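The structure appears below as structure tokens.
Heads up: numbering here begins at 1 and tracks the sequence. As the structure is a prediction and not an experimental result, all values here were calculated from the model.
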Amino acid sequence: MDPVTLRLQAEPLILSALREDITSEDVSTAAVMPEARPGQVRLIAKQEGVICGLDVFLRTFQLLDAAATLAPAAGVREGAEVTCGQELGVLAADVRALLSGERVALNYLQRMSGIATKTRRMATLLAASKTRLVDTRKTCPNMRVFEKEAVRVGGGGNHRFNLSDGVMLKDNHIDAAGGVAEAIRLARAHAPFVRKIEVEVESLLQVREAADAGADIIMLDNMDHDTMAQAIAVIGGRARVEASGNVDEEGLAALADLGVDYVSSGALTHSAPILDLSLKHLVVLDA
């Protein structure tokens with residue numbers, strides 16, 4: 001994560017997570033470590049996967065102890081593939097910060113690494129095609145900046161970050177406007193000219209309406225393979241094509257064979273398991 005995004009977007013959320021975990025004091029830590037003492041602890045991978053979120057992990061501890069440092073093991077960096085049992089680095093800080101920040105920091109690192117791992121696996125299946133794997137807005141509240149960063153690190157692309165990023169006319173927008181063409185007309189009149197207009201369609205009739213009305217991107221939602229092939233023929237290069245709807249690893253090859261420009265998958269963020277990581281072997285050093 002770049003330093004500006006980390007400071008402006010992620011840091012307030014990390015602070016909020018720490019405040020959720022420490023409402024008055026960390027009673028356990030205050031009991032066993034009442035005074036500041038330097039210490040270090042080792043970060044261990046308990047599964048193989050893609051590591052992601054090291055900067056967020058470290059920043060969590062730095063908000064408790066500004067002097068906290070992370071010395072990564074050789075070859076360990078953002079986006080690196082790690083193995084079960086591998087030591088990933090040594091974290092050094094005030095022991096109180098190490099103990100109090102452990103759970104929040106690992107929650108971020110495990111969640112981001114799990115998403116990056118799933119994304120890497122799925123993106124690899126599309127590597128030989130022109131089709132780009134992208135995420136959706138199906139993220140956990142207040143976790144979007146972390147989850148979309150994990151998709152990027154894993155080799156996927158980011159769809160719009162939020163509702164202000166671009167126009168996406170979904171079924172309910174179309175219903176509210178009274179039809180595909182009218183929804184596009186209204187969006188074109190309202191949105192700044194730099195915004196692309198994407199339309200979600202569910203039938204070949206809507207595909208034709210969207211293409212004729214000048215949509216920039218047409219999302220084929222929950223269509224079977226044959227219908228998508230017909231839809232692509234109808235579009236005829238007039239718009240970029242995105243396939244969506246219950247997309248997971250199964251069936252990705254078939255979507256790539258169709259030649260769609262994008263495949264969006266909510267599963268990248270809403271169904272990725274964590275990557276199991278642990279902080280072990282804490283040592284209290286001489287002051």
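For the residue pair Asn107 / Arg111, no side-chain donor-acceptor distance below 3.5 Å is found, with atom types taken as modelled. Judged purely by distance below 3.5 Å, without hydrogens or angles, the side chains of Gln40 and His281 never pair a donor atom with an acceptor atom.
Gln47 places no side-chain N or O within 3.5 Å of a backbone atom of Cys84 that could act as its donor or acceptor partner. Listed for the Ser264 side chain is no donor-acceptor partner under 3.5 Å among the backbone atoms of Asp135. The backbone N or O of Val82 lies less than 3.5 Å from no partner atom in the side chain of Gln86, so there is not a single donor-acceptor pair. Counting only distance, with no hydrogens or angles, the side chain of Asp65 and the backbone of Ala93 share no donor-acceptor pair below 3.5 Å. For Gln110 (side chain) and Leu277 (main-chain N/O), a donor-acceptor pair under 3.5 Å exists by modelled atom type. In this structure, the side chain of Ser113 engages the main chain of Leu109 through a donor-acceptor pair within 3.5 Å. In this structure, the side chain of Thr269 engages the main chain of Gly266 through a donor-acceptor pair within 3.5 Å. Judged by distance alone, with hydrogens and angles left aside, the side-chain atoms of Arg188 form a donor-acceptor pair with the main-chain N or O of Gly214 at under 3.5 Å. In terms of modelled atom types and a separation under 3.5 Å, the side chain of Gln9 and the main chain of Leu6 share no donor-acceptor contact. Put simply, the side chain of Arg59 never gets that close to the backbone of Ala10: no donor and acceptor are under 3.5 Å apart.
A side chain to side chain contact (heavy atoms under 4.5 Å, CB included) with Gln230 is found for exactly one of Ile235, Val207, Leu204, namely Leu204.
Between Lys130 and Asp261 a salt bridge is recorded (basic side-chain N to carboxylate O distance below 4.0 Å). Salt bridge status for Glu198 with Arg240: absent, with no side-chain N to carboxylate O gap under 4.0 Å. Salt bridge annotation for Asp216-Arg238: absent, with no cationic side-chain nitrogen under 4.0 angstrom from a carboxylate oxygen. Salt-bridge formation is not detected for the pair Arg144/Glu147: no Lys NZ or Arg NE/NH1/NH2 atom is positioned less than 4.0 Å from an Asp or Glu carboxylate oxygen.
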* To do: For the pair Val134 and Val263, evaluate side chain to side chain contact (heavy atoms under 4.5 Å, CB included) and give the outcome as yes or no after the intermediate values.
  => CA-CA 6 Å; Val134 299; Val263 172; over 6 Å; no
* Report the C-alpha separation of Leu64 and Asp94 in whole Å, then their side-chain angles, then the decisive distance to 0.1 Å, and conclude whether the side chain to side chain contact (heavy atoms under 4.5 Å, CB included) test is met. => CA-CA 9 Å; Leu64 298 172; Asp94 179 351; over 6 Å; no
* Criterion side chain to side chain contact (heavy atoms under 4.5 Å, CB included) on Val260 and Ile232, from CA distance to verdict -> CA-CA 8 Å; Val260 297; Ile232 291 168; 3.8 Å; yes
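For the pair Val199/Ile184, a side-chain contact is recorded, criterion being any heavy-atom separation below 4.5 Å from C-beta on. You'll find the side chain of Leu125 reaches within 4.5 Å of the side chain of Glu249, heavy atoms only. A heavy-atom distance below 4.5 Å is not found between the side chains of His173 and Met168.
Residue Ala177 comes nearest to Leu186 through the heavy atom pair CB-CD1, 4.1 Å, listed as atom of the first residue, atom of the second, then distance. Taking both residues in full, the closest heavy atoms of Lys280 and Val41 are given as O-CG2, 3.2 Å, listed atom of the first, atom of the second, then distance. Nearest heavy-atom pair across Thr136 and Lys148 is O-NZ, 3.3 Å. Taking all atoms of both residues into account, the shortest heavy-atom contact from Arg37 to Asp286 is NH2-CA, 4.4 Å. Smallest separation of non-hydrogen atoms from Glu149 and Met1: OE2-N, 3.0 Å. Taking both residues in full, the closest heavy atoms of Met228 and Ala243 are given as SD-CB, 3.9 Å, listed atom of the first, atom of the second, then distance.
Put simply, Ile218 and Leu169 are part of the same group of oily side chains (I, L, V, M, F, W, Y) that touch within less than 4.5 Å, one to the next. Leu98 and Leu15 fall into different hydrophobic clusters, defined by Ile, Leu, Val, Met, Phe, Trp and Tyr side-chain heavy atoms under 4.5 Å apart, directly or through other members. Hydrophobic clustering of Ile, Leu, Val, Met, Phe, Trp and Tyr side chains at less than 4.5 Å, counting indirect connections, unites Met223 with Leu133.
Distance CD1/Ile197 to NE2/His190: 10.5 Å, rounded to 0.5 Å. Annotation: the span from Tyr262 atom OH to Met219 atom CE amounts to 12.0 Å, rounded to 0.5 Å. Between Phe57 atom CZ and Ile51 atom CD1 the span is 8.5 Å, to the nearest 0.5 Å. Taking CZ of Arg19 as the reference point, atom CD1 of Ile14 lies at 11.5 Å (rounded to 0.5 Å). How far CG of Leu279 is from CG of Leu88: 10.0 Å, rounded to the nearest 0.5 Å.
Annotation: Phe146 is in aromatic contact with Tyr108 [ring centroid separation under 6.0 Å].
Environment of CD in Glu20: sparse, with no more than 12 heavy atoms of neighbouring residues, nucleotides or ligands closer than 6.0 Å.
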